[in-house]
Amino acid sequence: MKAAVLTLLLLTPTLHAQTVEERLAKLEAEVRELREENRDLRARLGVKSEIKPVVAVQPVGRETKLAVGGLIQAQAEAGGRVDARFSDDNDRLFLRRARLNAQGAFAEHFDFKVELDLAGSLSAASGLRGQATDAHLTWNRHPSAKVRIGQFKAPFGYETLFSDSVLATPERTLGSDRLALGRQIGVQLFGDFPQRRVAYAVGAFNGTGTNTSLNDDEGFVAAARLSGTILDREPLRWSAGVNGFRGDDRNAAVAPELGFANNVFRGERDAFGVDTQFVAGPFELWLERLQSRFDPEAGNAREATSHMVFGIWSVTGRIQAVARWDELEANGNELTTWTVGTNYLIKGNDLKLQLHWLKSDDDSRVIARMQTIF
């Protein structure tokens, strides 16, 4: 009996060793099969076996936040010359805007933005080159008293201040383009108060336009805007704003509709504007009036006035119907323009299609646009 037990104990390790070896062999065979299946699947999908390391873009400075983005607006037009902003009545395909931007923030309550536009011309242009749209630095320690310096939109004109990428029409009104200051180099104090019911901005600017370091006199153009929300009770919202500017110019470029020689003005100019916006569920209505007075050093004073009525109806979450009437009165002449169209928001304003018809006293034109924000 003792001999049998001893024999069994001696044989057990051998049997156990044989079982482990068999299991290892079986696992190795299964691994080979999986490798072959994986190789075959990669070949069918066209996936390269080489795995490249992930490359991370690192900021050069010490900012805590950095974001890079851009905007492309590809446009097609057909029809006549609606107003003087269009060089001719030729049909065309072109890039209305092609922008790249970088913006970020520092922990010390500073933020910045730099944006280049590689197209950016409504009139016919050749030899396109990149130019700055926004390039500014902002101290934002106090929401009610922020300071910005650089190039940005001067605080005058609600439609002008509205972002190009979210505007419901392909182009702004002629009055906004002609009477507002647009982007200028300057410094501005601005902010809003608790719950953002009231906002203000006041600044001093060279007044000589975009992408120029020239100031044509020893003074600055002063501009200011005050806006607020009067009613905010779903689904109703009512807001309004007032703005104005004043400057003494020596060589300022002005609208051709004013009739000054070579479209250059020398003298005092001031402007005033009022606007209001109503929102009722899917309906939105904008009203705006801008008025400018030009008092030249030689000759008689001239005035220009712009009116706009703008309606937007969100038919569905993706489809908008748009109608706008605007009129510019300058130097005794009037030009009225109607704009009707539709927007298809494939992915909000990040990816959208626009089809609009413009009809003025002079002619009509169709504009189709595809936009992407990245």
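Residue indices begin at 1 and follow the sequence shown.
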key: Steps toward side chain to side chain contact (heavy atoms under 4.5 Å, CB included) verdict (Asn251, Val264)   = CA-CA 6 Å; Asn251 190 33; Val264 174; 2.9 Å; yes

key: Residues Val322, Val340; criterion side chain to side chain contact (heavy atoms under 4.5 Å, CB included); working and verdict   = CA-CA 6 Å; Val322 177; Val340 294; over 6 Å; no

ask   = Hey, mind stepping through Val82 and Thr337 against side chain to side chain contact (heavy atoms under 4.5 Å, CB included) and telling me if it holds?
value = CA-CA 8 Å; Val82 180; Thr337 306; 4.1 Å; yes

key: Audit row: Leu335, Asp362, side chain to side chain contact (heavy atoms under 4.5 Å, CB included) steps and yes/no   = CA-CA 8 Å; Leu335 181 65; Asp362 298 332; 3.7 Å; yes

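Side-chain atoms of Glu288 and Ser176, non-hydrogen and from C-beta on, do get closer than 4.5 Å to each other. Within the 4.5 Å cutoff, the side chain of Phe190 has no heavy atoms near those of the Val147 side chain. Considering only heavy atoms from C-beta on, Glu115 stays 4.5 Å or farther from Gln103 through its side chain. Residues Val221 and Asn206 are not in side-chain contact: their nearest non-hydrogen atoms beyond the backbone lie 4.5 Å or more apart. A 4.5 Å side-chain heavy-atom check between Ile72 and Phe374 finds at least one atom pair inside the cut-off. Residues Ile367 and Leu358 have side chains in contact (heavy-atom distance under 4.5 Å, counting atoms from C-beta outward). The side-chain heavy atoms of His307 and Trp325, taken from C-beta on, include a pair separated by under 4.5 Å. Residues Glu63 and Phe112 form a side-chain contact, since some pair of their non-hydrogen atoms from C-beta on lies under 4.5 Å apart.
Shortest non-hydrogen contact noted between Ala368 and Leu355 is CB-CD1, 4.0 Å. When all heavy atoms are compared, the tightest approach of Asn263 to Pro256 is OD1-CA, 3.1 Å. The minimum heavy-atom distance between Ser364 and Trp357, with the atom names listed, is CB-NE1, 3.5 Å. When all heavy atoms of Glu257 and Ala84 are compared, the closest pair comes out as OE2-CB, 3.8 Å. Of all non-hydrogen atoms in Ala271 and Phe156, the two that sit nearest each other are CB-CZ, 3.7 Å.
At distances below 3.5 Å, at least one donor-acceptor pair connects side-chain atoms of Ser121 with backbone N or O atoms of Ser123. Side chain of Tyr158 to backbone of Gly273: no donor-acceptor contact under 3.5 angstrom is found. Distance alone, capped at 3.5 Å, is enough to place a donor-acceptor pair between the Thr212 side chain and the Leu214 backbone. With hydrogens and angles ignored, the 3.5 Å screen pairs a side-chain donor or acceptor of Ser87 with a backbone N or O of Ala124. Between the side chain of Thr342 and the backbone N or O of Gln320 there is at least one donor-acceptor pair closer than 3.5 Å. Looking only at distances, a side-chain donor or acceptor of Gln151 sits under 3.5 Å from a matching main-chain atom of Asn211. Between the side chain of Asp117 and the backbone N or O of Ala98, at least one donor-acceptor pair lies under 3.5 Å. With Arg97 contributing its side chain and Leu118 its backbone, the two residues share no donor-acceptor pair below 3.5 Å. At distances below 3.5 Å, at least one donor-acceptor pair connects side-chain atoms of Gln184 with backbone N or O atoms of Gly209. At distances below 3.5 Å, at least one donor-acceptor pair connects side-chain atoms of Arg81 with backbone N or O atoms of Phe86.
Atom-to-atom distance recorded for Phe294:CZ and Asp249:CG is 8.5 Å, nearest 0.5 angstrom. Separating the OG1 atom in Thr160 from the CZ atom in Arg178 is a distance of 12.0 Å, to the nearest 0.5 Å. For the atom pair Leu236 CG and Leu231 CG, the distance stands at 6.0 Å (nearest 0.5 Å). Within the model, atoms OG of Ser165 and CD1 of Ile373 stand 4.0 Å from one another, a figure rounded to the nearest 0.5 Å. To the nearest 0.5 Å, atom CG of residue Leu174 and atom CG of residue Leu328 are 5.0 Å apart. The distance from atom CD1 of Ile319 to atom NZ of Lys352, rounded to the nearest 0.5 Å, is 14.5 Å.
Around CZ of Phe94, the count of heavy atoms belonging to other residues, nucleotides or ligands within 6.0 Å exceeds 12. By the 6.0 Å contact criterion, CH2 on Trp313 is open, its count of non-hydrogen atoms from other residues, nucleotides or ligands being 12 or less. Surrounding CD of Gln195 are at most 12 heavy atoms belonging to other residues, nucleotides or ligands under 6.0 Å away. For Asn262, the CG atom sits in a loose shell: 12 or fewer heavy atoms of surrounding residues, nucleotides or ligands are nearer than 6.0 Å.
Residues Leu189 and Leu161 do not share a hydrophobic cluster, defined by chaining ILVMFWY side chains whose heavy atoms lie under 4.5 Å apart. Neither Leu351 nor Leu167 shares a network with the other; the hydrophobic side chains, linked directly or stepwise wherever heavy atoms of I, L, V, M, F, W or Y lie under 4.5 Å apart, form separate groups for each. There is a path of hydrophobic side-chain contacts, each under 4.5 Å, that joins Phe110 to Val187.
Note: Phe205 and Phe152 meet the aromatic proximity criterion, with ring centroids under 6.0 Å apart. Two rings, from Phe278 and Trp286, have their centers 6.0 Å or more apart.
Using a 4.0 Å cut-off between a side-chain N of Lys or Arg and a carboxylate O of Asp or Glu, Arg269 and Asp295 do not qualify as a salt bridge. With salt bridges taken as basic N to acidic carboxylate O contacts below 4.0 Å, none links Asp216 and Arg266. With salt bridges taken as basic N to acidic carboxylate O contacts below 4.0 Å, one links Asp275 and Arg225. The pair Glu297-Arg250 counts as a salt bridge, with a side-chain nitrogen and a carboxylate oxygen less than 4.0 angstrom apart. With respect to the salt-bridge test (charged N to carboxylate O, under 4.0 angstrom), the residues Glu77 and Arg92 qualify.
No donor-acceptor contact under 3.5 angstrom links the side chains of Arg293 and Gln291, judged on distance only. At a cut-off of 3.5 Å, with distance as the only test, a side-chain donor of Arg369 or Gln75 sits close to an acceptor on the other residue. For Arg183 and Thr210, the side-chain atoms include no donor-acceptor pair closer than 3.5 Å. No donor-acceptor contact under 3.5 angstrom links the side chains of Ser306 and Glu327, judged on distance only. In the model, Trp238 has a side-chain atom that pairs as donor or acceptor with a side-chain atom of Thr276 under 3.5 Å. Side chain to side chain, Thr229 and Arg237 meet the donor-acceptor criterion of an N or O pair below 3.5 Å. In this model, no donor atom of one side chain and acceptor atom of the other lie less than 3.5 Å apart for Gln73 and Arg96.
Using cut-offs of 30° and 60° on the angle between ring planes, the pair His142 and Trp139 is perpendicular.
Under the salt bridge (charged side-chain N to carboxylate O under 4.0 Å, His left out) rule, Glu159 has a single partner from Lys153, Arg172, Arg324, which is Arg324.
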